[in-house]
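Here's the structure we're looking at; comments come further down.
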Amino acid sequence: MPRRSSDSAKATRDEMRERMHALGLSLPLIAAEMGRRFSLRPRIAWRHALGWPQWKVAQRYRTLHNERISDNRISEHETWPHGGAKPSLDYLVKLAATYGHGCTPGHLIDLADLEGLEPAERRVFASVLHPSLAGMHAEVSRALARRVDPGQVGARPLWLPELEDGH
């Protein structure tokens, strides 16, 4: 029986995770490298950094939080905002606790997630759950208000502070 490409991708992720563990690297660093190396969304990168399939995330979540959640719902939350279902801020807090190892809700979101949140949700997330994102929230809000496409030629990256004269 021929080997599936997903088997090969899993083997590559597993091997990388083991090499990074052997170097004594933390789960946040392993998750960040998984995301970078394999172009994974943050929630997926953390799951792969732990080596957990979606059913195990659901099982651990249910056990820790005494709430029903299916592995299909885990998948839907991982793919949002490019499909799937928007995770609540409460879910992100509980998912971070499920992953442990220093995972915070801020580790589980990226720019696409922030852009998909309502302004009030971004403010709550930035100011309460992850204060270090407060500056990013302001930049995202300004960019969305100006309808800046970060990919357009000459667009100022969201992380670059705006100068006082507006340039």
Side-chain angles (χ1 to χ4, degrees), residues 1-137 140-141 144:
M1 176 184 228
R3 190 174 198 178
R4 296 182 316 199
S5 64
S6 63
D7 292 340
S8 176
K10 181 184 181 320
T12 302
R13 288 189 311 267
D14 290 347
E15 186 269 334
M16 187 182 99
R17 182 179 50 258
E18 292 306 317
R19 286 187 8 238
M20 294 181 79
H21 272 299
L23 292 172
L25 298 175
S26 68
L27 254 298
L29 290 174
I30 295 170
E33 183 63 16
M34 288 271 183
R36 186 193 68 76
R37 175 100 29 115
F38 301 109
S39 299
L40 299 174
R41 304 293 314 286
R43 293 177 292 283
I44 299 170
W46 267 86
R47 180 170 56 80
H48 287 313
L50 288 161
W52 292 358
Q54 290 170 338
W55 68 262
K56 186 169 186 174
V57 175
Q59 180 183 56
R60 300 281 287 242
Y61 187 98
R62 284 191 299 265
T63 300
L64 188 60
H65 305 293
N66 198 28
E67 290 181 26
R68 292 192 53 84
I69 190 165
S70 69
D71 48 339
N72 286 338
R73 179 57 75 172
I74 298 294
S75 175
E76 290 171 356
H77 288 327
E78 285 182 345
T79 58
W80 185 85
H82 307 296
K86 179 167 77 170
S88 69
L89 298 178
D90 180 62
Y91 169 81
L92 293 172
V93 169
K94 290 176 180 176
L95 184 63
T98 300
Y99 287 155
H101 300 278
C103 184
T104 68
H107 287 126
L108 300 175
I109 66 158
D110 59 13
L111 178 59
D113 293 317
L114 286 172
E115 289 174 333
L117 295 174
E118 296 297 323
E121 292 172 314
R122 278 197 303 272
R123 281 191 298 277
V124 168
F125 191 86
S127 65
V128 176
L129 300 179
H130 201 300
S132 67
L133 290 177
M136 180 186 255
H137 160 69
V140 169
S141 295
L144 291 173

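Quantities reported herein were computed from a predicted structural model and do not represent experimental measurements.
- Pro87 places none of its side-chain heavy atoms less than 4.5 Å from the side chain of Glu78.
- The two residues Tyr61 and Leu95 come nearest to each other via the heavy atoms CE1-N, 3.9 Å.
- Considering only residues two or more places apart in sequence or on other chains, Arg60 meets the side chain to side chain donor-acceptor pair (under 3.5 Å) condition with none of them.
- Expressed to the nearest 0.5 Å, how far CD1 of Ile74 lies from OG1 of Thr98 amounts to 7.5 Å.
- Between the His65 side chain and the Lys94 main chain, a donor and an acceptor come within less than 3.5 Å of each other.
- Note that CE of Met16 is 9.5 Å distant from CZ of Arg13, once rounded to the nearest 0.5 Å.
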Taking distance alone, no hydrogens or angles, what donor-acceptor pairs closer than 3.5 Å link side-chain atoms of residues 18-30 to residues at least two apart or in another chain?
residue	atom	partner	partner atom	Å
Arg19	NH1	Glu15	OE1	3.0
Arg19	NH1	Glu15	OE2	3.2
Ser26	OG	Leu29	N	3.4

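- Nearest heavy-atom pair across Pro53 and Trp55 is CG-NE1, 3.1 Å.
- Remark: Ser39 OG to Arg37 CZ distance equals 11.0 Å, nearest 0.5 Å.
- Contact detail for Leu108 and Ala96: the closest heavy-atom pair is CD1-N, 3.6 Å.
- Smallest separation of non-hydrogen atoms from Asp110 and Pro42: OD2-CD, 3.3 Å.
- Within the 4.5 Å cutoff, the side chain of Asn66 has no heavy atoms near those of the Arg62 side chain.
- A side-chain donor-acceptor contact under 3.5 Å links His77 to the backbone of Ala85.
- The two residues Ala31 and Ala45 make their nearest non-hydrogen contact at O-CB, 3.4 Å.
- Between Trp46 and Tyr99, the angle of the ring planes stays under 30°, which puts this pair in the parallel group of the 30/60° scheme.
- For His101, there are no ring-ring contact (aromatic ring centres under 6.0 Å, His included) partners at least two apart in sequence or on another chain.
- Although no hydrogens or angles enter the test, the distance criterion places a donor-acceptor pair under 3.5 Å between the side chain of His107 and the main chain of Thr104.
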Derivation of the side-chain contact (heavy atoms from CB on, under 4.5 Å) call for Asp71 and Val57: CA-CA 7 Å; Asp71 48 339; Val57 175; over 6 Å; no
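- The distance from atom CZ of Arg43 to atom CD of Gln54, rounded to the nearest 0.5 Å, is 12.0 Å.
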Verdict with supporting geometry, Leu111 and Glu115, side-chain contact (heavy atoms from CB on, under 4.5 Å): CA-CA 6 Å; Leu111 178 59; Glu115 289 174 333; 4.0 Å; yes
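- For the residue pair Thr79 and His82, no side-chain donor N or O sits within less than 3.5 Å of a side-chain acceptor on the partner.
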Worked check of side-chain contact (heavy atoms from CB on, under 4.5 Å) between Asp113 and Lys86: CA-CA 9 Å; Asp113 293 317; Lys86 179 167 77 170; over 6 Å; no
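- One finds the CD1 atom of Ile44 at 7.5 Å from the OG atom of Ser75 (value rounded to the nearest 0.5 Å).
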side-chain contact (heavy atoms from CB on, under 4.5 Å) between Thr12 and Phe38, intermediate numbers included: CA-CA 10 Å; Thr12 302; Phe38 301 109; 3.8 Å; yes
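- The minimum heavy-atom distance linking Arg41 with Ala112 is given by the pair NH2-CB, 4.0 Å.
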